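Structure first, commentary second.
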There are 2 protein chains.
Amino acid sequence: MSVKTIKNILKNHKLRITDCRIDVMNQFLNSKSALSQSDLEGEFDQYDRVTLYRTLNSFLESGIIHKIPNNQGTATYGLCHDTCEPHNHHHNHIHFKCNNCGQIECFDDREVPMVSIPTGYQIESVNLIVDGTCANCA
Amino acid sequence: MSVKTIKNILKNHKLRITDCRIDVMNQFLNSKSALSQSDLEGEFDQYDRVTLYRTLNSFLESGIIHKIPNNQGTATYGLCHDTCEPHNHHHNHIHFKCNNCGQIECFDDREVPMVSIPTGYQIESVNLIVDGTCANCA
DNA sequence: TATTAATTGCAATCTTGTTGCATAAAGTAT
DNA sequence: ATACTTTATGCAACAAGATTGCAATTAATA
């Protein structure tokens with residue numbers, strides 16, 4: 001993915017273009033799996049961890065990435081599907097976590113099945129977390 | 001739920017019977033929603049937080065409770081369904097998190113729908129996290 | 001009741017998440 | 001290109017959560 005393309009993505013989300021954002025964006029685009037802040041800290045020691053923290057936050061708020069629920073302590077983030085624009089943000093995601101290599105992948109192109117919830121409950125978003133063994137580790 | 005019943009649950013899971021475990025177990029049984037460690041710390045200041053931490057761990061390992069994936073920092077735990085015995089442990093859970101009151105409920109009695117995952121991936125467990133407004137807050 | 005094995009409390013550490021503030025850099029208008 | 005305004009960055013500092021080691025205590029068992 002070219003720097004120009006990345007800059008356009010940032011512009012489209014009304015974010016200032018900075019080195020850190022370009023590098024992090026590039027990392028997400030080149031990564032098959034979801035990333036945590038500590039992943040980024042390991043990759044980019046030229047940036048302060050607070051800067052990476054705020055970079056992730058700005059991406060989150062502008063709808064470029066989404067937070068993936070997990071039962072470890074650390075938050076992981078995945079790129080949003082193309083259709084996830086700030087004003088057309090869909091919140092249904094399928095994620096796969098490999099219990100062997102630990103990687104988390106997003107299957108944004110797959111449909112989240114219908115859910116049965118007791119009456120009186122209003123659904124805003126649905127997250128499906130599948131645990132198991134990924135294709136690489138199987 | 002009587003103390004005797006709780007003691008039996010602990011015995012069935014090969015856990016020693018201690019005051020802390022009885023109190024925590026009772027709390028789970030009486031709580032409609034999932035609990036976090038800090039919930040327990042607020043409830044039981046007579047126990048050290050490390051003790052509560054290890055109590056939760058022992059319940060986790062013996063399959064009495066399960067960890068609920070979420071995208072906040074703090075882990076929350078829910079009681080496992082009756083069928084969740086150590087050697088017959090099913091891992092499919094539906095959870096509802098209310099964005100208003102923050103409570104997390106487990107719908108263990110509801111079927112987790114079929115999931116479509118790319119070939120080569122092996123599924124171990126499926127967690128469904130539904131966000132929205134609960135019946136109380138709606 | 002004595003013995004053994006597991007649990008508890010305390011201290012301490014580590015990681016993650018988070019904020020305030022001064023400095024530096026990006027966008028914008030001149 | 002230059003000055004100006006706004007936003008981002010780095011540093012320090014702190015809060016909360018998770019985690020371990022160890023000595024003292026308690027539960028299960030003989």
Side-chain angles (χ1 to χ4, degrees), chain A residues 3-4 6-27 34-62 64-77 86 102 104, chain B residues 3-4 6-27 34-62 64-77 86 102 104:
Chain A
V3 173
K4 193 180 171 188
I6 293 178
K7 286 187 179 177
N8 274 332
I9 297 176
L10 295 176
K11 273 184 198 163
N12 286 340
H13 289 85
K14 305 217 187 331
L15 289 177
R16 284 200 177 182
I17 291 159
T18 68
D19 290 353
C20 182
R21 284 179 182 160
I22 292 174
D23 281 339
V24 170
M25 192 63 213
N26 193 45
Q27 191 72 9
L35 299 172
S36 67
Q37 185 179 328
S38 64
D39 289 335
L40 296 174
E41 286 175 22
E43 190 71 27
F44 303 114
D45 59 352
Q46 67 264 43
Y47 302 118
D48 193 83
R49 67 191 195 88
V50 178
T51 303
L52 292 169
Y53 167 77
R54 289 194 260 228
T55 298
L56 287 171
N57 263 9
S58 66
F59 284 7
L60 254 190
E61 284 172 16
S62 58
I64 294 179
I65 60 175
H66 60 277
K67 216 176 199 174
I68 303 173
N70 74 106
N71 46 25
Q72 276 68 246
T74 46
T76 51
Y77 305 86
I104 298 176
Chain B
V3 174
K4 193 179 174 189
I6 293 177
K7 286 187 179 178
N8 275 331
I9 297 176
L10 294 175
K11 273 184 197 161
N12 287 340
H13 289 85
K14 306 216 183 338
L15 290 176
R16 286 201 176 182
I17 292 159
T18 69
D19 290 352
C20 182
R21 283 177 182 160
I22 293 174
D23 281 339
V24 171
M25 190 65 212
N26 193 45
Q27 191 72 9
L35 299 173
S36 67
Q37 184 180 326
S38 65
D39 288 337
L40 297 173
E41 287 175 21
E43 191 71 26
F44 303 114
D45 58 352
Q46 67 264 44
Y47 302 119
D48 192 84
R49 62 196 197 86
V50 178
T51 303
L52 293 169
Y53 167 77
R54 288 194 261 229
T55 298
L56 286 171
N57 262 9
S58 66
F59 284 8
L60 254 190
E61 283 171 18
S62 58
I64 294 179
I65 60 175
H66 61 276
K67 215 176 199 174
I68 302 174
N70 75 106
N71 46 24
Q72 274 71 246
T74 44
T76 50
Y77 305 86
I104 297 176

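In the text below, chain A, chain B and the rest are named by the order of the sequence lines, each starting its count at 1. It should be emphasised that the depicted structure is a prediction, and the values quoted were computed from it without experimental measurement.
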Original post:
Could you give the CD-to-C1' distance, from Glu61(A) to dT18(C), as a whole number of Å?
Top reply: 14 Å
Subject >> His13(A) to Ser62(A) - nearest heavy-atom pair and separation >> reply: CD2-O, 3.0 Å
Considering only nitrogen or oxygen atoms on both sides, find all protein atoms under 3.5 Å from nucleotides 24-26 of chain C and state each distance.
{"unit_1": "dA26(C)", "atom_1": "N3", "unit_2": "Arg16(A)", "atom_2": "NH1", "d": "2.9"}

**OP:** Report the end-to-end axis angle of the helix from dT1(C)-dA30(D) to dT30(C)-dA1(D); each axis comes from five terminal pairs, and the value is rounded to 10°.
**Re:** 40°
**OP:** Would you mind reading off the distance between Asp39(A) atom CG and dG17(C) atom P, rounded to a whole angstrom?
**Re:** 11 Å
**OP:** Please state how far atom CG in Leu60(A) lies from atom C1' in dG17(C), giving the value in whole angstrom units.
**Re:** 13 Å
Original post:
Of Asp45(A), Thr51(A), Leu52(A), which is the lone residue that meets side-chain contact (heavy atoms from CB on, under 4.5 Å) with Asp48(A)?
Top reply: Thr51(A)
**OP:** Calculate the interatomic distance between Tyr47(B) atom OH and dT25(D) atom P; express it in whole Å.
**Re:** 18 Å
Original post:
So how far is it from Thr76(B) OG1 to Gln37(B) CD, rounded to the nearest 0.5 Å?
Top reply: 12.0 Å
**OP:** Could you tell me the separation between the NZ atom of Lys11(B) and the P atom of dA6(C), rounded to a whole number of Å?
**Re:** 18 Å
**OP:** Confirm from the modelled atom types if Arg54(A) and dG17(C) form a donor-acceptor pair under 3.5 Å, side chain to base only.
**Re:** no
Only distances under 3.5 Å count here; give the side-chain donor-acceptor pairs of residues 15-25 of chain B to other protein atoms, sequence neighbours excluded, each with its distance to 0.1 Å.
{"unit_1": "Thr18(B)", "atom_1": "OG1", "unit_2": "Arg21(B)", "atom_2": "N", "d": "3.3"}
{"unit_1": "Arg21(B)", "atom_1": "NH1", "unit_2": "Arg16(B)", "atom_2": "O", "d": "3.0"}
{"unit_1": "Asp23(B)", "atom_1": "OD2", "unit_2": "Tyr47(B)", "atom_2": "OH", "d": "2.7"}

**OP:** Could you check Phe59(A) against Leu10(A) for side-chain contact (heavy atoms from CB on, under 4.5 Å), going step by step and ending with a plain yes or no?
**Re:** CA-CA 9 Å; Phe59(A) 284 7; Leu10(A) 295 176; 3.8 Å; yes
**OP:** State the OG1-CD1 distance between Thr74(A) and Ile68(A), to the nearest 0.5 angstrom.
**Re:** 11.0 Å
Subject >> d(CZ, Arg21(B); C1', dT7(C)) in whole Å >> reply: 7 Å
**OP:** Could you check how far CG of Asp23(B) sits from P of dT26(D), rounded to whole Å?
**Re:** 16 Å
**OP:** For Asn26(A), enumerate each residue passing the side chain to side chain donor-acceptor pair (under 3.5 Å) test, keeping only those at least two apart in sequence or located in another chain.
**Re:** Asn30(A)
**OP:** Any chance you could measure Asn57(B), atom CG, to Lys67(B), atom NZ, to the nearest 0.5 Å?
**Re:** 7.5 Å
Subject >> Closest contact, heavy atoms only, Ala34(B) versus Asp39(B) >> reply: O-OD2, 4.1 Å
Subject >> Value in whole Å for how far the P atom of dG27(C) lies from CD1 of Ile22(A) >> reply: 9 Å
Original post:
How close do Leu40(B) and Gln27(B) get, heavy atom to heavy atom, and via which atoms?
Top reply: CD2-CG, 4.0 Å
Original post:
Got a sec, which residues hit side chain to side chain donor-acceptor pair (under 3.5 Å) with Ser38(A), two or more places apart in sequence or on another chain?
Top reply: Ser36(A)
Please tabulate the protein-to-nucleotide N/O contacts below 3.5 Å involving nucleotides 13-19 of chain D, giving atom names and distances.
{"unit_1": "dA18(D)", "atom_1": "N6", "unit_2": "Arg49(B)", "atom_2": "NH2", "d": "2.9"}
{"unit_1": "dT19(D)", "atom_1": "OP2", "unit_2": "Tyr53(B)", "atom_2": "OH", "d": "2.8"}
{"unit_1": "dT19(D)", "atom_1": "O5'", "unit_2": "Tyr53(B)", "atom_2": "OH", "d": "3.0"}

